[in-house]
Amino acid sequence: MKLCVIGTGYVGLVGAAIFSDWGNEVIGVDKDASKIERIKAGDMPIYEPGLSEIVLNNIKENRLTFTTSVADGIKDAEIVFVCVGTPQSETGAADLSAVWEVAEEIGKNLTGYKVIVTKSTVPVGTNEKVKTIIRANAKEGMEFDVASNPEFLREGSSVDDMKVPDRTVVGTETAKALEVMTRLYTHLGKPIVACDLRSAEMIKYASNGFLATKITFINEMAQLCERAGADVCTVAKGMGLDRRVGPAFLNAGIGYGGSCFPKDVAALYKTSTDQDYDFSLLRGVMEVNKAQKDHFVFKVTRLLGKNLSGKTLAVLGLAFKGDTDDIRESVSIEIVKLLRGMGAKLKVYDPEAMDNAKKVLGDVSVEYCKSSYETMEGADALFILTEWKEFSGIDLEKVKSLLKEPIIFDGRNMLDKEAVQKSGYTYFAIGKRTNGVEKIDSRKSDQRSAFLTNGNGH
Ligand code: UDX
């Protein structure tokens, strides 16, 4: 099939690469000419395992080309995918200006029947508006259909997620559009959820809202486990083996971040209030997620004090999760900023996100290190903030020889509690009683609520 993919961000670039790898002829469109040049040279604008090989291979096979012109991109395409960004606006709703702009350009340049598919995450009713805009800009009598085909890929594993999706959601209004879309996906042998436009749009938000809620539930359980003397990892394992619950997305931590969950939960909540309904569960999810990092930082202040001047802290992990260089809405970055705000000097390391982190953290009180171990030299405590697999394998004896004090704050439960404590560390994790928690609990001083309400918590 001949396809056009507009937008070369995570969804667009990975989409164009995989569609071409399936044997389709794909044209990727982006108005940023320098980005297109980089991609063509095999220099991917995002870090995504396996992506550059697929892109370069399909460029070589002449199945994948790029242009900056929407008109050229859509001319011969049977399907046009809209994969532009839909960031969060000030109201919490998705900012759809890029979608409207592209819809207008598609309308102006339509030369024959095509299915115009929105793959970007967009709120209910967007595809209907896309149709209206295209219609208003297209030549009289021009035929086209719109479709909603939300993408569920995760950063860091997007290539595999797209190659082997659990399901494909296709919202259409006509049998013709459904037939075209089915032709593209049927070879996967995975369920195709064929439905109306509005339900397709809602499925994407419902999925992300539910997953964010699942993480938030286990984070709340972690608070409870820590106080009650249970271990949240064991509790999650016991829950996850029930097939109705499932083991995925039950890792307690410092809260969810990234370019999707925070914005999608806010947008879904905004959709509910727009419909005169208060989706109070989602309101709770947003509040709890915001507080999760404060609970973590609170523990730091209980051990090290609220004035961290003169302290050097080693930080492993800056990306919003492992296997990505993305720092958008990264809770690690927020925690680094909080610690720096209290006077600490930070020595940081991330396997892929250093360049991006430099852009937002700058140089003040932050030293960028070349390895995990370099961060620890002379530091007063070690923080693990992103779930990169390599951090779970750190050599505890070596770490102890490098740190000034053997203190570890493990925000992702990466280390084995028994092994760490046996090695003589003061250890803090999420949702488990550790010797660190016992140490600060034995002190009588200030209370958590005081910290969270006096302006130090955010
Ligand atoms: C998410 C959805 O998973 C994906 O389907 C959608 O298309 C885009 O949004 P992504 O943002 O790439 O994907 O990352 P994901 O792996 O879902 O993680 C999101 C955040 O939740 C990260 O900050 C991660 O650290 C956190 N998380 C995830 C947890 O804290 N615990 C978990 O158990 C899982």
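One is the number of the first residue; the rest follow in order along the sequence. The figures that follow rest on heavy atoms only: side chains count, while hydrogens, waters and symmetry mates do not.
Residues satisfying the side-chain contact (heavy atoms from CB on, under 4.5 Å) test with N219, not counting sequence neighbours, are I215, A252, Q292. Scanning for side chain to side chain donor-acceptor pair (under 3.5 Å) contacts around S371 gives an empty result, with sequence neighbours left out. Among residues two or more places apart in sequence or in another chain, the ring-ring contact (aromatic ring centres under 6.0 Å, His included) test is passed with Y10 by none. Residues satisfying the side chain to side chain donor-acceptor pair (under 3.5 Å) test with N289, not counting sequence neighbours, are none. With sequence neighbours excluded, no residue satisfies salt bridge (Lys or Arg N to Asp or Glu O under 4.0 Å) with E287. When the ring-ring contact (aromatic ring centres under 6.0 Å, His included) test is applied to F19, the partners found at least two apart in sequence or on another chain are W22, F81. Shown here are the salt bridge (Lys or Arg N to Asp or Glu O under 4.0 Å) partners of K417, two or more places apart in sequence or in another chain: there are none. Partners of D166 under the salt bridge (Lys or Arg N to Asp or Glu O under 4.0 Å) rule, at least two apart in sequence or in another chain, do not exist in this structure. The side chain to side chain donor-acceptor pair (under 3.5 Å) check on K359 picks up N356, with sequence neighbours excluded. Residues forming a side chain to side chain donor-acceptor pair (under 3.5 Å) with S423 (at least two apart in sequence, or on another chain): none.
Under 4.0 Å is where a charged nitrogen must lie from a carboxylate oxygen, and between K321 and D326 no such pair does. E173 and K131 are joined by a salt bridge, as a carboxylate oxygen and a charged side-chain nitrogen come within less than 4.0 angstrom of each other. Using a 4.0 Å cut-off between a side-chain N of Lys or Arg and a carboxylate O of Asp or Glu, K31 and E101 qualify as a salt bridge.
Side-chain polar atoms of T91 and S89 form a donor-acceptor pair below 3.5 angstrom. Side-chain contact, W388 with D323: no donor N or O sits under 3.5 Å from an acceptor N or O. A donor-acceptor contact closer than 3.5 angstrom links the side chains of S309 and N307.
Aromatic ring orientation, F428 versus F409: parallel (interplanar angle below 30°, classes split at 30° and 60°).
Cation-pi geometry between K398 and Y373 is met: under 6.0 angstrom from the ring centre, within 45 degrees of the axis. The side-chain tip of R167 does not point at the ring of Y185 from less than 6.0 angstrom away and within 45° of straight on. Geometric assessment of K358 against the ring of Y368 yields a positive cation-pi assignment under the 6.0 Å and 45° thresholds.
Residue pairs that meet the salt bridge (Lys or Arg N to Asp or Glu O under 4.0 Å) test with at least one member in residues 257-268, sequence neighbours left out, do not exist here. Counting only residues at least two apart or on different chains, the side-chain hydrogen bond (donor to acceptor under 3.5 Å, both in side chains) pairs with a member in residues 248-259 are E155-S259.
Between Y269 and F279, the ring center distance fails the sub-6.0 Å criterion.
Put simply, the side chain of R433 never gets that close to the backbone of G229: no donor and acceptor are under 3.5 Å apart.
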